[in-house]
Asks: 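Here's a structure for you.
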Amino acid sequence: MEGFLNALLLQSGYNAALVGIGAALLGMAAGGTGTFIFLRKRSLVSDAAAHATLPGICLAFMAMVAFGGDGRNLTGLMVGSAGSAAVALVLVDWISRETRLPEDAAIGAVLSVFFGFGIVLMTVIQTMTSGRQAGLESFLLGSTAGMLFNEAVTIAIAGAVAGFLLLLLHRRMTLVAFDPEFAATTGIDVRATDLATMGLVLVVTVIGLKVVGLVLIVAMLIIPAVAARFWTERVDRLVAIAAVIGGVSGYTGAAASAAYPNVPTGAVIVLISFGLFAVSLSFAPVRGVVASVYRHVRFQRQVHLRQGLLAVARGEPIFDGLTLKILRFAGHIRADGVATLSGRAAAAKALRDEARWEVARETHQEDVSGARYDGLTAIETVFTPDEIAEFDRRIGDRIGVVA
Amino acid sequence: MRNALQGSIEVVARNGEAAHAAISPNLPLLIEGLTVSYGEKPAIFSIDARFAAGRTIAIVGPNGAGKSTLIKAALGIVPRLSGTVRVFGQPIEQVRGRMAYVPQRASVDWDFPARVVDVVMMGLYRTLGFLRFAGPKERQRALACLDRVGMADFAKRQIGQLSGGQQQRVFLARALAQDADLYLLDEPLAGVDAATERTIMDVLKSLKNEGRTVICVHHDLSTVAQYFDDVLLINVRKIAEGPVASTFTDGNLQKTYGGRLAGAHIEQLRLPVE
Amino acid sequence: MGPDFVQLSLTPMLIGTLAALACALPGNFLLLRRQALIGDAISHVVLPGIVVAFLITGTVAAWPMMLGASLAAIVAVLLIEAIKRLGRIDAGAAMGVVFTAMFAGGVLLLEQSDTSSVHLDVEHALYGNLESLIWLGAEGWSSLLDWTALSQMPPQVARLAAVLVVVAGFIFVFWNALKISTFDEGFALSLGIRARLLGFGLVVVTAIAAVAAFDAVGSIIVIAMFICPPAAARLMTDDLGRQVAWSAAFAIVSAVLGYIFAGYGPLWFGAAGSVSAAGMIATVSGLILAATCLFGPKRKRIGAAREV
């Protein structure tokens, strides 16, 4: 525990501190960027980009070795991985535009084929004389243990750059994510903005390779955005909350990984953000599961109660078992189905409100038709007492006329 | 309602099962207290309706009034929040073979790898049964149904090549293949050409003449009186039901559509004087 | 092709082909139901499944592992469905959340537990060891008729053959119902087809195929075979039956050619050794898909997409 606290407080050495800051920046940039692809319902495009980095890494390694350099140079590998991921994104786009195949199939095809080809290249590298200790496997799952100082600096700087780009672009990305057609009318180039979003996804993916690895980087793009969605309906807040969730996950994950043995950085970062997601899914006030279930049960009860009372008032038989049960539970009918005093009173009120609504629909057609006349909205919440008194007067008139 | 308002509220809740026993097996569709809700807003609320045999019935109401939801609930393909549905006096599951359904054509992906005749043969699923594949007999039946909607020449076309009206006819042919007693159609005339509209209405009328019941979600107020015997007006709740002549009135339309239907417009829709 | 071929290449080729077929067949329906990526999700969650099975049983025997992986796949599918419905989250994002989190859980458990004594690692999970599934008991083609030699075949052959029978049987038995519910779910429900249950059944069959294939060839082939052969097949024909046939043909070609290229390709370039067969099979399937994208007779969309 002490080790973990030290790591959290950046007291576990220079490299670990740098990795922690880098992971936090990465998490924030990923969370923020991920929000925009999530809103466009294209989250898994990032999965294609991530898996497609592998051939690029391998080709970059082979090229650097061929030119006599150090095949493991992180910057070189990042450039290579960005290259092949970009090709993959272009292909996904091309397949889903030019053929009848849907985007999800294009994503799956591109990611598996690029990844498979990457594995082929990796086995080629293993047979190369210079490839004996390439260690490219570490990009599959990431590893911050034994990270070199300049690698940590590269990641921290790149994370900061990605965050800065996000700040710069987030306004127009928000507009496009929210309503592409409207955005176009305000003079925003939607396609360019989409490309910029994908560019950011690419940057985040490439930075994430070393820290969380190419299999799991997609989680940093998706999970914070999905978790944040439970807390707000506003895009700007969504981005901010996702960035915070991503940042917190990245930072605490890196610290946990530095403090405990055998805790892989990428996996623990993903699991922390999943924990935050699970809490959001369960307990968020409006969209959370607990709140939704509560509202559904209450709503169903209201519907049955209202229908039951109207049936009682109109002297109609009630077929529905649940309706009977709810009426009985509320004390409106007896066990043998006969209405109680309170039941008659409630039924009379329900019927009177029905009649009021009927009049309201005739006199206030503009605002009452359909939408608010769902049978459950209490009439007192829509109309003033004066208006209701007027409805009652009309009802009285009508009965007078007929009778 | 007047009686109730004056306070004569009496005993009512009876045992549900006993009440059902009284429903006639000749009544094609009976709906009682049907409420369906997506989320916390009812799509339809507490609808009661009886659909008589051998008639054509239009379900009419504004967008979002729950017309499609009503027939989907009647078919048992969306869950009910409350209420009961009886088809020929029985629960839906026991009489599926007597019901046919024509969904909105925009509800499927027309890029699906199938030919026109394949889609029509889907209507024979229940007669085919388990582990049996369509043979020449089924193909003949499907072709006969296609012929009835004037699409026999298109049997081998890929479905993606059809126009909207042709798609709609293929869906109708599929329902004909079901050889049902109760037909439920969701906007069968939406966005189709005039020739298709004529063909579809001819087929529906011939179904009626064979003693079958045809229920259509219908959006075009100007043709209700011409095409249908009865009308059910809904807007989340039931507004009115009954023969077109007595039900499809200005007053009921105003109630159904509220302010959305201008008076002048209603003037045009007035029933032809008979 | 002499005794060497039978001993060293026949069984891996056979296993690769069986695995490719078992994945490609259900892949056709996944593709048309816009669930192509469920194969991707399932093949990721196999890892936590086998790790947990290992932690419980303490062995790396095939059956507990496959059971664990299948259970993990089903848990994942249920979780995805729950998140989609309860959280009103789109399918892609829900999948992304579930499979990455479960995969991360698997990685963490693997690192935390002592697996040094057994062959259980992430690399193996990703690309399998097809090349090592040789038939030592074989002495030549005649061994195919020799019961003792046959019994020494790698157990994956019989296992995958059984799974292929299950997968093909499911699709055969439910052909009509699958076809109708994939095209028009509302109509299927109105016929009394239990479309949602059938959809779940399809996913369970998919999971079984993925797990069995994964055990032999790793998850790359699994993902590639779920998607690439059916996708390429879709671009060849407008008939569902023919599409399934094409996808089977593409799967077989990918497996056989991929294995040959991996084993002999480097020799043709004058290099020694061989490259990953799993990776090469995926690559070949990708090349086939690329060819059909460019030249397939039915590559263009003609029908209107679903609107509601």
Asks: Say you draw a straight line from CD of C:E131 to OG1 of A:T123; how long is it, rounded to the nearest 0.5 Å?
Replies: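 OG1 of A:T123 is found 8.0 Å from CD of C:E131.
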
Asks: Any side-chain heavy atom of C:I83 within less than 4.5 Å of one from A:F277?
Replies: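 Side-chain contact under 4.5 Å: yes.
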
Asks: Does a salt bridge link A:E98 with C:K300, judged by any charged N lying under 4.0 Å from a carboxylate O?
Replies: yes

Asks: Determine whether a donor-acceptor pair (N or O, by modelled atom type, separation under 3.5 Å) exists between the side chain of A:R100 and the backbone of C:K298.
Replies: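 Here the side-chain-to-backbone pair exists.
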
Asks: Given the options C:G218, C:G106, C:G96, C:S285, which has more heavy-atom pairs under 4.5 Å with chain A than any of the others?
Replies: C:G96

Asks: Using ring pair (Phe, Tyr, Trp, His ring centres under 6.0 Å) as the criterion, list what pairs up with A:F117, not counting sequence neighbours.
Replies: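 A:F117: no ring pair (Phe, Tyr, Trp, His ring centres under 6.0 Å) contacts found.
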
Asks: Assess whether side chain to side chain contact (heavy atoms under 4.5 Å, CB included) is satisfied between A:R287 and C:R88, documenting all intermediate values.
Replies: CA-CA 9 Å; A:R287 289 178 61 116; C:R88 281 165 286 163; 3.8 Å; yes

Asks: Could you tell me which portion of A:E103 (side chain, backbone, both or neither) has an atom closer than 4.5 angstrom to a non-hydrogen atom of chain C?
Replies: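 Neither; nothing under 4.5 Å.
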
Asks: Residues of residues 105-115 of chain A under 4.5 Å from chain C (heavy atom pairs)?
Replies: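 At a heavy-atom separation under 4.5 Å, chain C is reached by A:A105, A:I107, A:G108, A:A109, A:L111, A:S112, A:V113, A:F115.
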
Asks: Below 4.5 Å from any heavy atom of chain C, which atoms of A:I119 appear? Answer side chain, backbone, both or neither.
Replies: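 For A:I119, heavy atoms of backbone and side chain both lie under 4.5 Å from chain C.
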
Asks: Looking only at heavy atoms and a cut-off of under 4.5 Å, which of C:G296, C:A82, C:S219, C:A282 has the most pairs with chain A?
Replies: C:A282

Asks: Of the backbone (N, CA, C, O) and the side chain (C-beta and beyond), which part of C:L289 lies under 4.5 Å from a heavy atom of chain A, both, or neither?
Replies: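 Side chain only.
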
Asks: Could you tell me whether the side chain of C:E111 reaches within less than 4.5 Å of the side chain of A:V263, counting heavy atoms only?
Replies: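 SC-SC contact between A:V263 and C:E111 ruled out.
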
Asks: Based on non-hydrogen pairs under 4.5 Å, which of C:V97, C:V107, C:T283, C:L287 is most in contact with chain A?
Replies: C:V97

Asks: Please classify the contact of C:A101 with chain A as side chain, backbone, both or neither, using a heavy-atom distance under 4.5 Å.
Replies: both

Asks: Which region of C:M102, side chain (C-beta onward) or backbone (N, CA, C, O), has a non-hydrogen atom less than 4.5 Å from a non-hydrogen atom of chain A, or is it both or neither?
Replies: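 Neither; nothing under 4.5 Å.
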
Asks: To the nearest 0.5 angstrom, please state how far the CG atom of C:D90 sits from the CZ atom of A:R229.
Replies: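 Separation between the atoms: 11.0 Å.
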
Asks: With a 4.5 angstrom heavy-atom cut-off, could you sort out which part of C:F226 is near chain A: side chain, backbone, both or neither?
Replies: neither

Asks: Would you mind reporting whether A:D47 and C:M95 have side-chain heavy atoms less than 4.5 Å apart?
Replies: no

Asks: To the nearest 0.5 Å, how far apart are CZ in A:F274 and OG1 in C:T100?
Replies: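 Here the interatomic distance stands at 8.5 Å.
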
Asks: I'd like to know if the side chain of A:D104 reaches the main chain of C:A36, judged simply by a donor and an acceptor atom lying under 3.5 Å from each other, with no hydrogens or angles considered.
Replies: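 At least one qualifying donor-acceptor pair exists.
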
Asks: Which one, C:L108, C:L86, C:V98, C:L31, leads in non-hydrogen pairs under 4.5 Å with chain A?
Replies: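 Looking at each of C:L108, C:L86, C:V98, C:L31 in turn, C:L108 comes out on top.
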
Asks: For A:V289, which atoms come within 4.5 Å of any heavy atom of chain C: side chain, backbone, both, or neither?
Replies: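 For A:V289, side-chain heavy atoms alone lie under 4.5 Å from chain C.
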
Asks: Keeping the roles fixed (side chain from A:K41, backbone from C:G92), state whether a donor-acceptor pair exists under 3.5 Å.
Replies: no

Asks: Report which part of C:I227 has an atom under 4.5 Å of a heavy atom belonging to chain A: side chain, backbone, both, or neither.
Replies: side chain

